[in-house]
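See structure below.
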Amino acid sequence: MGAASDPGAASDAARGVLEARGITKSFGDRLANDHVDLTVHRGEIRALLGENGAGKTTLISVLCGQYQPDGGLVTVHGRTLTLGSPRAALQAGIGVVHQDFRLVPRFTVTENVVLGTKAWGGPKDEDTVAAQASAAGFRLDPRAPAWALSVGELQQLAILKLLFRGLEILILDEPTAVLSPPQAAELFKSMRTLAAAGKSIIFITHRLREVGAVASEVTILRQGKVVADRAVAGLDAQQMSVLMIGSSDAGGRVETRPGAAGDVVLRLEAVTVEGRSVRALDDMHLEVRRGEIVGVAGISGNGQTALAEVAAGIIRPVSGRRESAAAAVAYIPEDRLNRGLVGAMSVTDNLALRRYTSRAMSHPLWIWTDRMTALARRLIDAFNIPVRKPSTRVADLSGGGLQRVLLARELSEQPDLIIAAQPTRGLDVASAAMVREQLVRHRDRGAGVMLISEDLDEVLELSDRVLVLFKGAVVGEYSRGKLNRAEIGLRMGGEGAA
Amino acid sequence: MSFWLNSLSVGIVLGTPLAYAALGELIAERAGVMNLGVEGMMLMGAVVGFIVTLGTHNAVAGFAAAIAAGAALASVHAVMTVGLRVNQIVMGLTLTILGAGLSAYIGTGYAGRRPGAGVSAIAIPVLSQIPLLGSVLFNHDVFVYAVPFVALGIWLLLYRSRFGLWLRAAGEQPGAADASGVPVFLIRYLAVIAGGGFAGLAGAYFSVVYTQTWAEGMTSGRGWIAIALVIFGTWDPIVVLLGALLFGFVDGLNFQLQSVGVPVSTHLLAMMPYVFTLIVLVFAWTRLRHRRVGMPEALGVPYEREAR
């Protein structure tokens, strides 16, 4: 960029390529960023660490111009950046690979890469993009439509888009969330190469393991405030965890003894489900017994959603059979607000949804609203749902609050089978711990639990048996005590002999 | 033989204004904005075009005014739906009703008069002498000749230009476009206003060229047909043009059948184009459901940068 010839550039080494000072942003009465400072130097890989809801994504949304902050200042190469304009941020050299990649599925690779620049994606641009892709070590067909790409390829495309513009400050928002461990290692290699070439990289994560693996500096956010800003060297995972969470035990590992597996409560036989372009589930065989937690590990987009819905009995497979001996099935869908709850209705109504037709809650002609409210009050207490009154709209709750309402409704009926899809994704530590505790408690009571999660650590911690899901099929099965993290990681990426 | 040739010739004339209106709607929809106010904008174009032509004895001035009237009403749509993020369906319906009422009010006293100037047919030398098809295809006014080029021009704009790439991105994934530095709001404004201009032109074609008279509600639902044609044409300008001509042909057939006196109620005959539209939509939609082409993904969804 033109900034290289700027007289101020000489002092960049000392001052930092990007400096954010006092960034403040609130949503309603919640302060997402509270006077946050962040500095990145040339050629540096800085981890931005924090648990879900700590304000990481808000901060980078401000840096890339998507959010207009309430206060604060950002300078790039010493020049003040116009805030609230994605265009200005790009011109200053700041680019983000968002968690959802922000690509146009119907556009080709080339069209996605050049979008927003002077080019329109013609044959010449295709050649340029192909050349840049191979220079970066990416294998992308410039004419392939984005919808046909795998998640890993989409991420490469999103990175290529920033490289094409010659951006200097690359922000990666939770890039490893969708990758298998070997793919993540590959990404870290690319990041180091880019940093060595003079790019500054901000790497967002909530996984401590990854900070040490790739970053040299770390900024830790907690509840919208910076609580640490230092070199990674000399900082161990335990210290980072304490800084990130605020106390040493809030993360609360669940004490898990192996479960005693009983009768089969769910059996899937040769289940096949069609997806948009590929088979969502392809000849899937699976059993869940009473008193065990079956963990399903895999990278997102390998059939998890279809598996959860078939297992819960919501969709019917195209072929194959689902047999269930369960009298009551609890389903905790990954899309809590749209699939699990009715956002515009109150906590009371949502809690009563599964049983308002029962005699305890209603007469054939009317509903006992007082009994529903009483039930709601009881469950709000039992599950620590963070609301002042039961009539609060569910959509106004945080992610943790939503999940507590969902658990309260689904688990209070003593189900025999629990299907939990990504049950801790995006939750604060306390709510996540509560979810895990509940799953274990119901397992011990004798329910069969299927835990579908992209968080491999969680699956390994809780499961009595681990299945690895890849392209809609089970490609590996491990019982407790025979878990091999490295091998599971390979299988998740479709590697390793099945 | 002359029955079919006449139907074809009338069909081309009737299909032309539909094509303009539908192409205008296509531009707006490709940018992600549904404009259900096409009917109202056509009526405004029809009445304003008619009055200005009558007053100036100049059809060019009339058409310019009609385009401006359509664009003006469309800019209301743009401000409300793009700027203020009002529901696009509700706003479009409102503008159709507003356009119908306003045009009837403005046009009071003009019903039954002649515009005093028009756009005459130009027979293209040599080509119009071709037996049979020559006079059907090459003895029309300038708007008929221009429409294939307009459709082609829009296709080139969409698929062979930077602006087109940006416009399609605004209609598919406005969040991705915005993050890439594409001025999503500006593009949506321009697309909606341009679409309104096309609708205004289409309306004036009815009043100044085709019927050469003004009557309240004279477009009789053709704005809605134009919207349906965009779906039928899977948001592709070339297919939309062909669809418009096909529809015009069916519409023309109706008049021809009436004039030769087939023993069928004229009311049933007049229904033909609309029944035809229904059937075509059913087929188009079953086709669309199985393909990845067609409807812009963000169609009808207001874009908000800070939405969470």
Side-chain angles (χ1 to χ4, degrees), chain A residues 25 27-28 30 32 57-58 60-62 64-69 84-92 94-98 100-108 110-123 125 145-148 154 157-158 161-162 164-165 167 171 173 276-277, chain B residues 26 29-32 83 87 153-189 191 234-237 288-308:
Chain A
K25 173 79 182 172
F27 296 103
R30 193 171 66 84
T57 299
T58 303
I60 62 141
S61 297
V62 168
C64 76
Q66 194 191 346
Y67 290 168
Q68 176 76 51
S85 160
R87 227 182 149 70
L90 286 167
Q91 274 162 359
I94 303 173
V96 181
V97 173
H98 294 274
D100 56 2
F101 305 132
R102 305 271 162 94
L103 297 167
V104 183
R106 217 175 270 165
F107 279 13
T108 64
T110 303
E111 287 176 324
N112 269 296
V113 168
V114 304
L115 180 63
T117 67
K118 286 200 170 71
W120 61 270
D125 301 323
W147 58 259
L154 287 173
L157 171 54
K161 199 174 149 111
L162 308 187
F164 181 81
R165 289 162 174 259
L167 303 181
I171 304 177
D173 189 1
R276 249 173 92 145
S277 52
Chain B
L26 179 140
E29 292 198 6
R30 286 309 286 258
N87 181 302
I154 291 173
W155 190 89
L156 287 171
L157 179 82
L158 284 176
Y159 296 103
R160 292 288 180 272
S161 81
R162 175 174 30 144
F163 184 81
L165 185 73
W166 291 14
L167 186 129
R168 285 187 287 136
E172 295 284 344
Q173 298 283 334
D178 193 29
S180 308
V182 171
V184 173
F185 296 102
L186 177 67
I187 283 177
R188 286 191 162 187
Y189 269 101
T234 62
W235 290 267
D236 179 321
L288 266 183
R289 274 176 39 207
H290 299 291
R291 287 172 53 179
R292 279 183 168 273
V293 297
M295 187 157 93
E297 265 185 57
L299 180 60
V301 184
Y303 178 61
E304 188 170 4
R305 183 177 284 162
E306 292 216 4
R308 282 154 49 83

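Given the structure is predicted, the values throughout are model-derived calculations rather than measurements. Atom set for the values below is all heavy atoms of this structure, side chains included, hydrogens, waters and symmetry mates excluded. Letters A, B, ... are given to chains in the order of the sequence lines, protein chains preceding strands, and every chain is numbered from 1.
Ranked by heavy-atom pairs under 4.5 Å with chain A, the list Gln173(B), Glu172(B), Arg162(B) is led by Arg162(B). Contact count against chain B (heavy-atom pairs under 4.5 Å) is highest for Leu115(A) among Leu162(A), Val114(A), Leu115(A). In terms of heavy-atom pairs under 4.5 angstrom with chain A, the leader among Ser161(B), Gly164(B), Pro296(B) is Ser161(B). Heavy-atom pairs under 4.5 Å with chain B peak, among Gly95(A), Gly116(A), Ser61(A), at Gly116(A).
Checked by atom type and distance alone, the side chain of Arg30(B) never pairs as donor or acceptor with a backbone atom of Leu167(B) at under 3.5 Å. For Glu306(B) (side chain) and Gln68(A) (main-chain N/O), a donor-acceptor pair under 3.5 Å exists by modelled atom type. Proximity of a side-chain donor or acceptor of Arg168(B) to a complementary backbone N or O of Leu158(B) within less than 3.5 Å is detected.
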Can you give the donor-acceptor pairs under 3.5 Å from side chains of residues 177-185 of chain B to other protein atoms, not counting sequence neighbours?
residue	atom	partner	partner atom	Å
Asp178(B)	OD1	Arg305(B)	NH2	3.0
Asp178(B)	OD2	Tyr303(B)	OH	2.9
Asp178(B)	OD2	Arg305(B)	NE	2.6
Ser180(B)	OG	Lys161(A)	NZ	2.6
Ser180(B)	OG	Ala176(B)	O	2.8

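Looking at heavy atoms from C-beta onward, Cys64(A) lies out of side-chain contact with Ile171(A) at the 4.5 angstrom threshold. Looking at Leu157(A) and Val113(A), their side chains come closer than 4.5 Å, going by heavy atoms from C-beta outward.
Heavy atoms of Leu103(A) lying under 4.5 Å from chain B belong exclusively to its backbone. Interface remark: Phe163(B) contributes no atoms to any contact with chain A (heavy atom separation under 4.5 Å). With a 4.5 Å cut-off on non-hydrogen atoms, Thr117(A) touches chain B through its backbone but not through its side chain.
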